[in-house]
Amino acid sequence: MNSEKTTLSKKAEILEKQKKYLWPNHLLYYTEPLPLERGDGLHVWDVDGKKYLDFFGGILTTSVGHNRPEVTEAVREQAEKLIHSSTLYPNEAHVNLAEKMAEITPGKLQVSYFTPSGTDADETAVFLAQTYTGHQEIIALRHGYSGRSAIGMSLTGQHTWRIGGTHFMGIKHAINPYCYRCPLKMTYPSCGVACAGDVEDVVKTMTSGRIAAFIAEPIQGVGGFITPPPEYFKMVQEVVKHYGGLFIADEVQTGFGRTGDKWFGIEHYGVEPDIMTMAKSIANGFPLANTITTPEIAESTRNAGLTISTFGGNPVSCAASLATIGVLEKEATPQHVAMLGRQLRSGLERLQEKYAVIGDVRGMGLMHGLELVKDRQSKEPSPDATKQLFEATRELGLLIGKGGLYGNVIRISPPMTATEEDVAIALDLLDKAFAKVR
Ligand SMILES: Cc1ncc(COP(=O)(O)O)c(C=O)c1O
């Protein structure tokens with residue numbers, strides 16, 4: 001009885017301090033926010049001791065599960081040797097990680113610039129493309145997300161994530177390949193992927209015709225796991241090249257095997273990006289991001305002016321990343337993810353047959369979304385059903401994510417070390433939770 005009292009007050013204390021000392025624009029899940037205390041593998045516990053199966057993975061970040069011992073050990077070892085050096089001094093973990101990145105990324109992507117966040121990585125990619133091409137303008141996609149800096153928000157194609165009204169004039173947005181809500185009101189495949197043509201229209205009508213880059217996520221994450229058709233990126237890449245731009249693949253959410261079968265999402269589309277950005281899953285929760293490119297493109301930065309990143313290539317984060325990739329290679333390979341992805345997909349499709357509120361099931365590997373609608377005919381988004389499902393899954397001990405411009409997409413993205421049993425349990429809990437949605 002006493003300990004119940006203590007934990008209850010601990011929760012209240014955390015929530016009160018959150019309210020009092022942190023900006024009110026911290027987005028918090030659930031009607032009553034959920035303070036977490038500890039994690040282990042696929043599970044986390046809240047301050048009241050309640051256990052949850054984590055099928056969001058800390059926004060697709062705990063790639064090998066919470067508190068994975070190999071990662072913890074690598075971090076401890078590195079922290080005892082050297083915690084900080086900045087990018088002014090080479091260090092072993094930094095260069096070893098850069099070597100590993102060159103090994104696992106496709107094609108000519110060989111040289112890295114590490115920074116602390118995905119926002120940083122995307123900004124670094126923009127600056128690199130501008131330096132290399134001598135052009136300024138960037139094409140991004142509607143419904144995309146690139147981060148919370150001024151450039152990040154300008155690249156982002158959702159009003160909800162663009163606070164303050166900042167917008168860099170040189171950034172233009174083409175329509176996105178959102179097949180479920182086709183912006184051209186067409187149907188795949190008879191549409192011939194007509195949306196890809198909008199990139200050229202935007203270049204011709206809204207830019208000088210000399211672009212620095214096109215940036216896109218292979219699957220739009222915050223946008224609600226919007227998954228382009230297989231032909232899309234090849235068609236767009238030709239246009240981008242023609243107008244002198246580079247192709248930046250933002251793999252912040254899709255990287256490190258998340259989409260199954262391949263290490264990076266863009267590899268499913270048979271195109272080789274000129275620049276790739278990554279973060280989130282890279283270091284299992286330690287702050288780290290990377291912008292990787294070809295030696296030729298990187299060379300253009302040599303005399304372009306000074307730049308440093310105080311926390312970029314932080315030895316502890318790099319050590320965590322090397323250990324994370326080691327675990328992925330050993331037990332959560334892209335093939336493992338693909339196998340679980342098939343199980344997850346067929347389970348979600350069964351739920352779609354059962355519950356009319358599920359309008360669309362989409363995604364790849366361990367990155368699947370469910371778009372919830374009021375009815376399948378009108379496809380009117382149902383953020384209310386999403387909210388109900390959230391509360392029901394919390395109650396049942398399952399963590400999931402949310403996304404989409406209309407706040408009506410459920411995002412499912414567990415740590416990639418998940419097992420078939422974890423997926424089966426999550427599907428069962430989802431089934432029970434959907435049964436409660438009115
Ligand atoms: C695709 C994509 N790019 C960039 C970012 C920004 O990353 P960060 O939050 O680490 O700055 C995010 C974050 O959600 C993202 O999903």
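In each ligand, atom 1 is the first atom listed, and ligand 1 is the first ligand listed. Reckoned from all heavy atoms, side chains included, excluding hydrogens, waters and symmetry mates.
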I'd like a table of the close N/O pairs between ligand 1 and the protein (anything under 3.5 Å), one pair per line with both atom names and the distance.
{"from": "ligand 1", "atom 1": "3 (N)", "to": "Y145", "atom 2": "O", "distance (Å)": "3.4"}
{"from": "ligand 1", "atom 1": "3 (N)", "to": "D250", "atom 2": "OD2", "distance (Å)": "2.8"}
{"from": "ligand 1", "atom 1": "7 (O)", "to": "T119", "atom 2": "N", "distance (Å)": "3.4"}
{"from": "ligand 1", "atom 1": "10 (O)", "to": "G118", "atom 2": "N", "distance (Å)": "2.8"}
{"from": "ligand 1", "atom 1": "11 (O)", "to": "G118", "atom 2": "N", "distance (Å)": "3.4"}
{"from": "ligand 1", "atom 1": "11 (O)", "to": "T119", "atom 2": "N", "distance (Å)": "2.8"}
{"from": "ligand 1", "atom 1": "11 (O)", "to": "T119", "atom 2": "OG1", "distance (Å)": "2.5"}
{"from": "ligand 1", "atom 1": "14 (O)", "to": "K280", "atom 2": "NZ", "distance (Å)": "3.0"}
{"from": "ligand 1", "atom 1": "16 (O)", "to": "Q253", "atom 2": "NE2", "distance (Å)": "2.8"}

What pairs meet the salt bridge (charged side-chain N to carboxylate O under 4.0 Å, His left out) rule with one or both residues in residues 107-133, with sequence neighbours excluded?
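Not a single pair qualifies under salt bridge (charged side-chain N to carboxylate O under 4.0 Å, His left out).
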Determine which pairs satisfy salt bridge (charged side-chain N to carboxylate O under 4.0 Å, His left out) with at least one residue from residues 22-43, sequence neighbours left out, and list them in order.
K10-E37, K11-E32, E32-R394
Run E231 and K234 through salt bridge (charged side-chain N to carboxylate O under 4.0 Å, His left out) and show every step you take.
CA-CA 6 Å; E231 306 86 345; K234 226 175 205 157; over 6 Å; no
Pairing of K19 and E16 as salt bridge, 4.0 angstrom limit
no
So E349 and S346, side chain to side chain donor-acceptor pair (under 3.5 Å) or not? Walk me through it.
CA-CA 5 Å; E349 283 172 352; S346 61; over 6 Å; no
Going by the rule ring-ring contact (aromatic ring centres under 6.0 Å, His included), which residues pair with W263 if we only count those two or more places apart in sequence or in a different chain?
none
